[in-house]
Novice: 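Before I ask anything, here is the structure I am working with.
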Amino acid sequence: MSTSGSPSAAQPRNRTDQRAEVLLGALACAVLVLIAFMIVFVFVKAWPSFADNGLAWFGAGGNVDEQMQNIFNSPADPSDYVYTMHAWPLLYATALITGISVLLATAISLLSAIFIVEFAPVFMQRLLRPVIRLLAAVPSVVYGLIGILVLVPFFGNHVISDGEKESVRYVIQLDGTSVLVGVLVLTVMITPIMVAITTDALRSVPRTWTEGAAALGVNRFRALRTVGIRAARPAIVAAGVLATARALGEAIMLSMVSGSVGFAPNPLDGVTFLFEPARTLAATVVDNSEGLSVKPFGQTIYAFAAILLISSAFLSFAGWVARSSMRKYTLQAR
Amino acid sequence: MSTHVQVPPPPPAQPLGIPGSESSWSRGDRLGVAAAWGAGILLCLVAAAIVLYMLSRGLQYLSLEMLVSHPLPSLDQSQSGGFFDPIEGTLILTVLGTAIAVPLGVGIAVWLSEYARPAWLARAVESGVEIVAGTPSIVLAIFGLLVFQQSVFGFLSFTADGNAVFGRSFFTAGAMMSLIALPLIVGSTREALQAIPAHVREASYALGKDRISTIRRVLLPASRRGIGTGITLGMGRIVGDTAIVVVLLGASLQIEPENGTPIWGLLKGTGSTLTTYVYNNSPAGEGGAPQKAYAAAFVLLLIVIALNFAVDLIARGKEPQWTR
């Protein structure tokens, strides 16, 4: 792409120019320094929480909210700080909500990208562009507001039956703030990013490739599915990574909509399990940001942030690996 | 008459496939097409529902008075004022965040596209920007709190008696906000720079200009629109972000400047923005004033839509035509 990366022979060099290069390079390195700082700072701050619990930190056991309460109320003497934390319900809720919404969003975005590229009438194509831009631009707090004022009461009063409420009465109260509402709103939030990237990628698949498939007697849908989508795989992976990162980090909307109880929804409850509340890591951090100044509590919260930081960094790395392994027979993802 | 051959109507928008091959549609494929239509229509319906719902609620609850009156601490909704301060807060934070992000972002993009030496460093910076883009804003927020509570940064926010730095102010929130706008600015500036053909640079070198003057006089002016798009997208992100404001702006109802010089004191002070106003007045916050939340969310949505419109306007502008 860039033809200017290497210096050409004709190019004059002087002092000012070299100074500018160093200055701009330093600016760029500042980003790396910042990231290093971020990782070191957050981990150093989070370390006591991890060190005190060991691997049990990631395990299940006890009530997370009670544990957090105990940490918050720990004695003032540093040697008596309480750190006991078994964060499994939060980790599980994060994985559950993120996973389901990314799967849903992938399906919807692939279908709508195929629709936009191949099947949509011109007016629908024109309509969908601003629609997707709009859906991507709506702030998460607005999604959260609609979720908590419209969807949550609707699900609480009309969708979740009394029988379902009764069936888990001794464990958890169902009031509409649920995994399901969280997943639905989150899917709406991340789908547009994926649609935009996938559509771009499908458009840039050379026409001759899909035409070649069509010439073999395959219909339009199958040509797109077998050739177009396959050629666009790196971009689809990139879109998935971006969407997952957004879903992982979504704090405000989920803290409004999916309930602020550190509860691990039990799949054994059947469909009801989707109606049970759950709180993700990011939502936990936002909900408890007031307590950061209490030392052991703050360290626990930073431990949650450290997990988020690691997962999002790992995610970009995994996306990069997946893309480069697919690069051989597919379009280049930018 | 009999020689007249009936010409089939031209296929609309050149569909793929051999004419007559439509019989190869299996049931699964038909289902797939139906699902594709369904997905497209679903997206339109969701967007329409959100816009219409917010429009009706906004028009129902918004009044001019809310826009110009200060929020007041009161449980009675008729006494709790409007959201002039949050609007002001959003404005200050957006300007501040953008002001920090633009020089950084443009500088990084220029370095990545024009210098990028050594190559490994360029690769690292590139993935660094990607990691910043992927970091959840709530993580950035509490990282910011950690950094700005160090006593070195005491001059940026309120310092309590025991030398404890509060760490929450427009400065600190703006600095972290600039990080969420940064990747967007880097991305679109870089794209614009790379779209300029090499011979334009070579023409400038041939006139005896060095690299940096070429960048300043030729490349940056030519990529103005890309930079503009990046800035506007970045502003959209800043306006819509809640997590950083919740953690780093102190969430005081009204804007509370620190003592001292007027503007500096304001930036050192705490406040709130439209997003936190909506959050705190929703059932999730303590306020419990859904009407005010709806009204503020409507204003927020209008701002975001206006920014999107601005992106379109910028993109529609006249593109420099390079002869190839």
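Sequence lines set the chain letters: A, B, ... in the order given, protein chains first and strands last, and positions in each chain run from 1.
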Novice: I'd like to verify something: which residue of B:G107, B:A122, B:A141, B:A133 has the highest number of heavy-atom pairs under 4.5 Å with chain A?
Specialist: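 Sorted descending by pairs with chain A, the first entry is B:G107.
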
Novice: Is a donor on one side and an acceptor on the other found under 3.5 Å between the side chain of A:Y302 and the backbone of B:I142?
Specialist: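 Yes; judged by distance alone, with no hydrogens or angles, the pair exists.
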
Novice: Examine whether an atom of A:Y143 lies under 4.5 Å from a heavy atom of chain B, and if so say whether it belongs to the side chain, the backbone or both; otherwise answer neither.
Specialist: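 It is the side chain, since no backbone atom gets that close.
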
Novice: Between chain A and each of B:F143, B:Y279, B:Y294, count heavy-atom pairs under 4.5 Å; write down the option with the most.
Specialist: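 Most heavy-atom pairs within the cutoff with chain A belong to B:F143.
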
Novice: Atom OG of A:S289 and atom CZ of B:R168: how far apart are they, to the nearest 0.5 Å?
Specialist: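 CZ of B:R168 is found 7.5 Å from OG of A:S289.
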
Novice: Check each atom of B:V186 against the heavy atoms of chain A and say whether the ones under 4.5 Å are side chain, backbone, both or neither.
Specialist: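 Nothing of B:V186, per the 4.5 Å heavy-atom cut-off to chain A.
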
Novice: Going by side-chain contact (heavy atoms from CB on, under 4.5 Å), A:L134 matches just one of B:N308, B:V46, B:I50, B:I305. Which one?
Specialist: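 For A:L134, the side-chain contact (heavy atoms from CB on, under 4.5 Å) test succeeds with only one of B:N308, B:V46, B:I50, B:I305, which is B:I305.
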
Novice: As an exercise, state the distance from OG1 of B:T135 to CE of A:M38, rounded to the nearest 0.5 Å.
Specialist: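 Reported to 0.5 Å precision, the distance equals 4.0 Å.
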
Novice: Mind checking the CD-CD spacing from B:E114 to A:E21? Nearest 0.5 Å is all I need.
Specialist: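 These two atoms lie 11.0 Å from each other.
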
Novice: Taking the basic N atoms (NZ, or NE/NH1/NH2) and the acidic carboxylate oxygens, is any pair closer than 4.0 Å for B:R211 and A:D17?
Specialist: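 Here B:R211 does not pair with A:D17 in a salt bridge, since their nearest N and O are not under 4.0 Å apart.
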
Novice: Below 6.0 angstrom between ring centroids: does that apply to A:F115 and B:W37?
Specialist: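 Judged by ring-centre distance (under 6.0 Å), A:F115 and B:W37 do meet the cut-off.
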
Novice: May I ask you to say whether B:D312 pairs ionically with A:R133, meaning some side-chain N is under 4.0 Å from a carboxylate O?
Specialist: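 Looking at A:R133 together with B:D312, the answer is yes, because their closest N to O distance falls below 4.0 Å.
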
Novice: Nearest 0.5 Å, please: how far is OG in A:S112 from CG in B:L43?
Specialist: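 The OG atom of A:S112 is 4.5 Å from CG of B:L43, to the nearest 0.5 Å.
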
